[in-house]
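These notes are about the structure you will find just below.
Quick caveat, the model's predicted, so the values are computed rather than measured.
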Amino acid sequence: VGTVSVPVDEQMITQVAIGATVQISPLYDRTVVWIGRVTFISEKAVIINGETVIPVLVSTDAVLPGPGYTVITKILPVVP
């Protein structure tokens, strides 16, 4: 099981829900797509590079690249 911490812009956080599907791709090969799920949404915002973001944790059964590798994530909207 792999996990990724995703900083979500505070203006977009209302569109994120626990259980939402997340597409994860390594920066070195964007043709590879792993599927994960949002498992945690922080109640506390943080400032990163002058932007206010909310940390979101994504879990996947995929074997992700090691620490320090960059991945691209796309959190898909939850359909009611």
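- Going from atom CD of E51 over to atom CD of Q11 covers 8.5 Å, rounded to the nearest 0.5 Å.
- With I24 as the fixed residue, the side chain to side chain contact (heavy atoms under 4.5 Å, CB included) test singles out one of V33, V6, L64, V32: L64.
- Residues R37 and T21 have side chains that bring a donor and an acceptor to within less than 3.5 angstrom of each other.
- Using a 4.5 Å cut-off on side-chain heavy atoms (C-beta onward), V58 and T73 make no contact.
- Side-chain atoms of T60 and I35, non-hydrogen and from C-beta on, never get closer than 4.5 Å to each other.
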Worksheet item: Is there a side chain to side chain contact (heavy atoms under 4.5 Å, CB included) between I47 and T52 once you walk through the steps?
Response: CA-CA 4 Å; I47 297 175; T52 302; 4.0 Å; yes
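- Under the 4.5 Å side-chain contact rule for hydrophobic residues, V53 and V56 do not share a cluster.
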Worksheet item: Could you walk me through whether V38 and I75 pass the side chain to side chain contact (heavy atoms under 4.5 Å, CB included) check?
Response: CA-CA 8 Å; V38 172; I75 301 174; 4.2 Å; yes
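- The shortest heavy-atom contact between W34 and P26 is CZ3-CD, 3.5 Å.
- Atoms CD1 and CG, from I72 and D29 in turn, are 12.0 Å apart once rounded to the nearest 0.5 Å.
- When all heavy atoms are compared, the tightest approach of S59 to T39 is OG-OG1, 3.4 Å.
- Under the 4.5 Å side-chain heavy-atom criterion for ILVMFWY residues, a single connected hydrophobic cluster contains both I54 and I18.
- Annotation for D61: atom CG does not count as buried by contact number, only 12 or fewer foreign heavy atoms lying within 6.0 Å.
- Residues F40 and V71 do not share a hydrophobic cluster, clusters being chains of Ile/Leu/Val/Met/Phe/Trp/Tyr side chains in contact below 4.5 Å.
- Counting only heavy atoms from C-beta outward, the side chains of V8 and I41 never approach each other to under 4.5 Å.
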